[in-house]
Novice: 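First the structure, which I've put down as structure tokens, then a few questions once you've had a look.
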Amino acid sequence: MGFKKGGAQDEGAPSGRYRTVFHADLAPADAFGITANELRSWLIAKTRYKSIDIAAYDAGQARLGDGIILLHNVRSGGDGAQTRHWQLREKNDGGYWLSSLVVHAPSKPKNPKQRTWFWLDVEYVRTADDDEDWRPPRAGVPGIARKLLAAVDARDHWAALTPTPTLVRPDGVEDLLEILTDEERRLPTVVASSRGQTVFDSWRKKVEEVTKFLPGVASLYILDPLAETEFNKAVGGSFEVRGGAIRTYLPGLDLAIDEDAARHRVLSEPRIQENSRRAAQLLSGFPRRLAADGRLPGPLSKLARTAGLVAPSPPRTLPLPEENGETSLEALRKEVTSLRQENDELRELFEMVGDEEKKLREEVADSQSEMLDVTEDLEAANEKIAELSDWVRVLRKRLENTGRVAEAYVPTEEPTKLPTQLPEVLEWLDDLDRVEFTGDIDKVWKLEEKAQSSTWAQTAWQVVLAFQEYADAVADGKFNGDFRKWCAEPPSGVAAVSAGKVRPDESKTVHTNVKMRRQRELPVPPEVHFSERIHMWAHICIGGGAGMSSPRMHFYDDVHGTGKIYIGYLGPHLDVKSTN
């Protein structure tokens, strides 16, 4: 319930929803009692800046103030399980913040297979529909979430969910390794290393600042200097974290497979020091989306399917004659007016449930589209790997036939290095002289929210390398054609990408639509165009598919002018005719 609202405080799921789901070893009475106490404590704290009637809350009334409705529902299952659901709506501008807190307790809390579950959702629902460019604000980490995480032993299976990072000393490293490799872990585990000569307590405060958007959506740990040494020795070089870096270990971690290391992102210490707020946003983006879009645990999933979670308002007593000095008719008229208003508000809540179902279906469709994109990328990569493996076998055989067996198996002097984050691609551009990024870095950061971002980073880097070699060849008079032709008929041994990813132009609809044209008018240096803006119709599909979930790289080929290719945009798919 949230409880803490926050405009664009931090990046999260596209809907802006905050969600946390955790379990605790609590009896029903304890779980419900703690929740009610923490909710009341939070409401009291909130009265400092909002008019909330605590007496009305204590009396079990639904209306707590102007535009503030709190519904409470209690259910008992046939198996003896108990569920309590609080739903809060707070009017705000052209909509309202909707918060839902469910506590589901089993009939046998001491049974290790049965757990008491807590499920909290917070998001903004817009009722006005007068701005097509409106985007929902992000819900900050709710105050009630921090209170509950501090009050109960909240768990993601073995991992502890805490308001601030847990300190790990050498004797706790083994437990942390068990958590990281736990197959039932649902959420990311974020591990911060120590930082050299910096006073540890100062660094610990910096880590708390950078992880401030993560409570409830990831388990948080910080290694002391001695624990860091033991931890890195245990996980191996591919999975280590050191030098003030913070690493996010996703579920499904396999320390025995070095190739798995690329999934588990590292946020470097320089990036943390450069901009702590941006680092906090980057660190929280994917965990928040994973928490918001992930599958609910079995008991809660069943509950969501079978239970109506919008409760009716509490029963009311009709006023007695001459109540508060009013005639019974006057009091009854006021009561009817109040009931009508509550009825309208409840009707809106029911309509919202229908909207939520529609939104959920759209999100599922988007996720399926993204999965298809990833599958297509993997299929293409596997085909390329198979082709290159065949070439390696053929070339080695030829070397062996000429008596040069030793040369056939000499490893490369410097193995190929691929980026794991899209901003890294832009940093590496400094080493190239034919490709320049002129776009908005914030759009690039936006893609880091997605699970496929590391794959996109590698694809983007392959595109950049192809740009460089193409531009060199054109400038040297060794190639006559555009970039798509370069990729469709690549000279032997050069860097290129699938020609199907290269789109040299946009549709007629995009060209003639003012808003869509403006989106593709992107920055360039003055030596390219005096206005420092130019339309970049040509673009690359960075993802595997052609759908809206696949990001785009828009570019301008000025090799015949300034000798460079300018990337004016790298980010989510720009609007087209089918954009909703």
Side-chain angles (χ1 to χ4, degrees), residues 11 188 238-239 241 245-250 252 257-268 270-272 274-275 278-279 281-290 370-371 373-382 384-385 415-432 435-469 487 495-498 501-502 539-545 547 549-555 565-574:
E11 304 301 323
S238 298
F239 296 93
V241 57
I246 299 177
R247 191 157 193 173
T248 302
Y249 296 92
L250 299 180
I257 302 176
D258 286 345
E259 290 77 8
D260 186 48
R263 288 195 307 123
H264 312 286
R265 306 174 187 174
V266 178
L267 185 64
S268 67
R271 188 167 290 169
I272 293 170
E274 178 185 359
N275 188 329
R278 170 56 75 182
Q281 291 173 335
L282 173 62
L283 201 60
S284 67
F286 183 54
R288 277 195 52 146
R289 180 174 180 105
L290 188 64
E370 290 173 4
M371 288 177 63
D373 287 355
V374 173
T375 301
E376 187 174 335
D377 269 340
L378 287 173
E379 289 175 352
N382 287 335
K384 189 66 175 178
I385 289 171
T416 301
K417 184 180 179 183
L418 293 175
T420 59
Q421 295 180 325
L422 283 156
E424 213 173 9
V425 174
L426 306 186
E427 293 175 5
W428 292 9
L429 279 179
D430 293 340
D431 296 330
L432 305 180
V435 187
E436 183 176 332
F437 180 75
T438 60
D440 182 354
I441 185 68
D442 285 341
K443 302 297 184 182
V444 182
W445 284 106
K446 187 74 174 174
L447 295 176
E448 284 297 303
E449 298 174 8
K450 301 281 189 173
Q452 309 96 301
S453 62
S454 59
T455 302
W456 292 339
Q458 294 170 12
T459 301
W461 180 240
Q462 291 167 355
V463 172
V464 166
L465 292 178
F467 277 160
Q468 176 73 20
E469 293 199 23
C487 293
V497 296
S498 168
K501 289 182 175 292
V502 185
H539 58 279
I540 310 290
C541 301
I542 298 300
S549 62
S550 179
R552 296 294 187 265
M553 176 191 289
H554 285 257
F555 68 95
I565 291 178
Y566 299 92
I567 301 172
Y569 178 85
L570 176 57
H573 198 308
L574 295 174

Novice: Using side-chain contact (heavy atoms from CB on, under 4.5 Å) as the criterion, list what pairs up with L432, not counting sequence neighbours.
Specialist: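 Here the qualifying residues are L429, W461, V464, Q468.
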Novice: So I542 and L570, side-chain contact (heavy atoms from CB on, under 4.5 Å) or not? Walk me through it.
Specialist: CA-CA 9 Å; I542 298 300; L570 176 57; 4.1 Å; yes
Novice: Using side-chain heavy atoms (C-beta onward) and a distance below 4.5 Å, is R552 in contact with I540?
Specialist: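 In short, these two side chains do not touch, never coming nearer than 4.5 Å.
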Novice: For E436, which residues count as a salt bridge (Lys or Arg N to Asp or Glu O under 4.0 Å) partner, sequence neighbours excluded?
Specialist: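 In terms of salt bridge (Lys or Arg N to Asp or Glu O under 4.0 Å), with neighbours along the sequence ignored, E436 is linked to K564.
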Novice: With sequence neighbours excluded, what pairs up with V266 under the side-chain contact (heavy atoms from CB on, under 4.5 Å) test?
Specialist: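 V266: side-chain contact (heavy atoms from CB on, under 4.5 Å) contacts with A245, R247.
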Novice: Decide yes or no for Q281 and W445: does some side-chain heavy atom of the first lie under 4.5 Å from some side-chain heavy atom of the second?
Specialist: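 No - every pair of side-chain heavy atoms lies 4.5 Å or more apart.
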Novice: Locate the shortest heavy-atom distance separating A460 from L422; write the atom from each residue and the value.
Specialist: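 In this case the closest contact between A460 and L422 is CB-CD2, 4.1 Å.
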Novice: I'd like to know whether V241 forms a side-chain contact (heavy atoms from CB on, under 4.5 Å) with I246, so could you lay out the CA-CA distance, the side-chain angles of the two residues, the decisive distance to 0.1 Å, and finally the verdict.
Specialist: CA-CA 7 Å; V241 57; I246 299 177; 5.7 Å; no
Novice: Using the ring-ring contact (aromatic ring centres under 6.0 Å, His included) criterion, which residues pair with Y566? Sequence neighbours excluded.
Specialist: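 ring-ring contact (aromatic ring centres under 6.0 Å, His included) check on Y566 returns nothing, list empty.
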Novice: Starting at CZ of R265, measure out to OH of Y249 and round the result to the nearest 0.5 Å.
Specialist: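 One gets 14.5 Å once the value is rounded to the nearest 0.5 Å.
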Novice: Return the CZ to OG distance between F286 and S454, rounded to the nearest 0.5 Å.
Specialist: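 It is 9.0 Å, given to the nearest 0.5 Å.
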Novice: With a 4.5 Å heavy-atom cut-off, do V444 and F437 have their side chains touching?
Specialist: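 Of all side-chain heavy-atom pairs linking F437 with V444, at least one is under 4.5 Å.
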Novice: Measure the shortest side-chain to side-chain distance between F555 and V463 over non-hydrogen atoms and say whether it is less than 4.5 angstrom.
Specialist: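 No; the side chains remain at least 4.5 Å from each other.
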Novice: Verify, without hydrogens or angle tests, whether Y569 (side chain) and P572 (backbone) share a donor-acceptor contact under 3.5 angstrom.
Specialist: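 Pair found, side chain donor or acceptor close to backbone of P572.
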Novice: Restricting to side-chain contact (heavy atoms from CB on, under 4.5 Å), what partner residues turn up for E424, sequence neighbours left out?
Specialist: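 Testing E424 for side-chain contact (heavy atoms from CB on, under 4.5 Å), a comparison that skips the adjacent residues, returns P419, T420, Q421, E427, W428.
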Novice: Are any of the side-chain heavy atoms of P188 and L290 separated by less than 4.5 Å?
Specialist: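 P188 vs L290: side chains touch.
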Novice: Begin with the C-alpha distance, continue with both residues' side-chain angles, and end with the deciding distance and a verdict on side-chain contact (heavy atoms from CB on, under 4.5 Å) for I272 and L267.
Specialist: CA-CA 7 Å; I272 293 170; L267 185 64; 3.8 Å; yes
Novice: Got a sec, which residues hit salt bridge (Lys or Arg N to Asp or Glu O under 4.0 Å) with D260, two or more places apart in sequence or on another chain?
Specialist: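 With neighbours one apart ignored, the set is R263.
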Novice: With S498, which residues qualify under side-chain contact (heavy atoms from CB on, under 4.5 Å), at least two apart?
Specialist: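 With sequence neighbours excluded, S498 shows a side-chain contact (heavy atoms from CB on, under 4.5 Å) to K501, given in chain and number order.
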Novice: For H539, what residues pass the ring-ring contact (aromatic ring centres under 6.0 Å, His included) criterion, not counting sequence neighbours?
Specialist: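 Result, ring-ring contact (aromatic ring centres under 6.0 Å, His included) vs H539: H554.
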